[in-house]
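For reference, the structure I am asking about is given below.
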Amino acid sequence: AFVSFYTDPNDRANEAAIYFMEGDGVANEVSTLYAEEGCFFRSAQVAIINSDLMSLIVGQRCSAGTEWVLYMVDTVNRTNNRTFVDGDVTGDYYAVARSNVMVASPDTGTVYFTYPDGFVENTTNVQPVILSDIQPTEPLFNNAQMPHFSESGIYPRSISSYPVLSPDGAWLALVTDLVTGDYVKDAELHVIELNAPELPPISSEFHNNNHKDTFAVIAFTPDSRKVLYVGGGNNVQPNSLFMIDLASAAESRIARGRFGTQLLVAPDGGSVALIDWQILN
């Protein structure tokens with residue numbers, strides 16, 4: 001499933017077409033959205049709930065500010081239902097940051113979407129929506145780090161990892177922090193069980209008051225039972241490789257080093273490969 005924007009004579013996106021591609025490889029337009037008067041679309045993300053239903057979050061900029069709208073799209077009847085609107089947001093849309101993300105839980109009972117929180121260009125609110133009872137709720141987090149482009153590449157070494165989804169789609173790991181220059185405030189790792197929005201996430205944070213500590217890279221084991229991460233200093237500073245067992249929420253340190261931002265897990269989950277910077281005297 002994907003969304004295409006179409007523009008008016010002023011080159012502003014005022015129409016959004018939702019497409020669904022089935023096994024025949026043909027993309028069929030299943031529904032169309034039109035921006036409200038005085039508004040234009042800036043971003044959209046879609047999640048497939050089942051073969052008959054999609055969830056869609058659309059960001060549009062209006063004269064009064066930015067709003068985010070949740071739609072449920074019936075792919076059989078080719079209709080859409082506007083179900084949720086959040087117009088009381090301070091964040092704006094930046095083309096250099098992927099701040100709008102949507103993930104559906106494997107049991108399709110909940111969707112999670114992100115939208116800018118107004119702190120910096122790539123930090124977002126994380127909003128769960130229970131599909132059986134769609135209503136406005138408080139965000140689960142803010143200051144969630146999202147990917148963004150920079151002159152040094154898509155992922156600078158000075159910030160924490162972007163969100164990672166487990167191979168079975170049941171867990172979402174993300175980092176919340178606020179970066180201002182070289183200052184990182186209150187970096188925390190959160191692992192959300194997507195099928196259980198009522199449960200608190202499994203969380204890890206730093207307690208050594210080092211304001212440059214980050215979670216440099218995150219990876220799940222192939223069986224989705226454990227999450228590995230590099231936490232501590234970044235950009236060739238001392239840090240450690242940690243592991244969290246998701247069944248018990250037990251956290252353990254695997255190794256100390258000066259690890260980089262690449263982490264590969266073996267197919268059997270028994271070993272990892274990562275860069276360890278060597279400092280020569």
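Just so you know, residue 1 is the first one in the sequence shown, and it goes up from there. Heavy atoms only: backbone and side chains are in, while hydrogens, waters and symmetry mates are out. If you're wondering where the values come from, they're calculated on a predicted model, not measured in any experiment.
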Pairwise side-chain contact, Val272 with Leu241, heavy-atom cut-off 4.5 Å (strictly under): yes
Side chains of Arg78 and Ser31 in contact at under 4.5 Å (non-hydrogen atoms): no
Joint hydrophobic cluster, Phe40 plus Tyr115, side-chain heavy atoms closer than 4.5 Å: no
Separation between OH of Tyr19 and CG of Asn28, rounded to the nearest 0.5 Å: 10.0 Å
Transitive ILVMFWY side-chain link Val217 to Ile254, under 4.5 Å: yes
Atom pair CG/OG1 of Asp74 and Thr79 - distance to nearest 0.5 Å: 4.0 Å
Side chain proximity check, Leu189 to Ile244, heavy atoms < 4.5 angstrom: yes
Val46 side chain near Met102 side chain, heavy-atom distance below 4.5 Å: no
Exercise: do Thr123 and Asn143 side chains pair donor with acceptor under 3.5 Å: no
More than 12 heavy atoms of other groups within 6.0 Å of Arg12 CZ: no
Option passing side chain to side chain contact (heavy atoms under 4.5 Å, CB included) with Asn10 (candidates Asn14, Thr7, Asp8): Asp8
Between OG1 on residue Thr114 and CZ on residue Arg98, distance to nearest 0.5 Å: 8.5 Å
Test log, rule side-chain contact (heavy atoms from CB on, under 4.5 Å), inputs Thr66 and Arg42: CA-CA 9 Å; Thr66 300; Arg42 293 303 304 268; over 6 Å; no
Backbone N/O of Ala47 and side chain of Ser55: donor-acceptor pair under 3.5 Å: no
Apart from Leu264 itself, residues in the same hydrophobic cluster as defined by side-chain heavy atoms under 4.5 Å: none
Flag side-chain contact, heavy atom, 4.5 Å: Leu228 against Met243: yes
Shared hydrophobic cluster for Leu53 and Phe113 (ILVMFWY, side-chain gaps under 4.5 Å): yes
Stepwise side-chain contact (heavy atoms from CB on, under 4.5 Å) check, Val191 with Phe220: CA-CA 11 Å; Val191 189; Phe220 285 89; 4.3 Å; yes
Check: Met146 main-chain N/O paired with Asn122 side-chain donor or acceptor under 3.5 Å: yes
Euclidean distance, Ile218 CD1 relative to Leu172 CG, rounded to 0.5 Å: 9.0 Å
Which atom of Phe215 lies closest to which atom of Ser204, heavy atoms considered: CZ-O, 3.5 Å
Student check: side-chain heavy atoms of Leu33 and Ile18 closer than 4.5 Å: yes
Greater than 12 external heavy atoms within 6.0 Å of Glu36's CD: yes
Side-chain donor/acceptor of Ser105 to backbone N/O of Thr110, under 3.5 Å: yes
Side-chain touch Tyr112/Pro197, heavy atoms, less than 4.5 angstrom: yes
Residues in side-chain contact (heavy atoms from CB on, under 4.5 Å) contact with Asp24, at least two apart in sequence or another chain: Glu22, Val26
Whether Asn81 side chain and Met72 backbone form a donor-acceptor pair below 3.5 Å: no
Qualifying residues under side chain to side chain donor-acceptor pair (under 3.5 Å), relative to Thr32, sequence neighbours excluded: Glu29
Under 3.5 Å donor-acceptor, Thr83 side chain and Leu70 backbone: yes
Test item: Asp245 side-chain N/O and Ala247 main-chain N/O as donor-acceptor pair under 3.5 Å: yes
Heavy-atom pair with the smallest gap, counting every atom of Pro222 and Val265: CD-CG1, 3.8 Å
Polar side-chain atom of Ser99 near backbone of Pro116 as donor-acceptor pair, under 3.5 Å: no
Residue pair Ser166 / Asp168, side-chain donor-acceptor N/O under 3.5 Å: yes
Smallest separation among heavy atoms of Leu194 and Gly169, with atom names: CD1-O, 3.3 Å
Point-to-point distance, once rounded to the nearest 0.5 Å, from CD1 of Ile192 to CZ of Phe141: 5.0 Å
Where Ala104 and Ile49 come nearest, the two heavy atoms and their spacing: CB-CD1, 4.1 Å
Separation between CZ of Phe242 and CZ of Arg253, rounded to the nearest 0.5 Å: 4.0 Å
Neighbour count >12 (heavy atoms, 6.0 Å) for atom CD, Glu198: yes
Beyond-backbone contact of Val175 with Thr214, side-chain heavy atoms, under 4.5 angstrom: no
Cluster link Phe2 to Phe20, ILVMFWY, side chain under 4.5 Å: no
Polar side-chain atom of Asn239 near backbone of Val230 as donor-acceptor pair, under 3.5 Å: no
Nearest non-hydrogen partners of Gly270 and Asp268, listed with the distance: N-OD1, 2.9 Å
Chi angles and distances behind the side-chain contact (heavy atoms from CB on, under 4.5 Å) call for Arg225, Leu246: CA-CA 6 Å; Arg225 294 182 178 181; Leu246 296 175; 5.9 Å; no
Taking every non-hydrogen atom, the tightest pair across Asp177 and Ala187: CB-CA, 3.7 Å
Linked, directly or transitively: Leu165 and Leu140 (ILVMFWY side chains, under 4.5 Å): yes
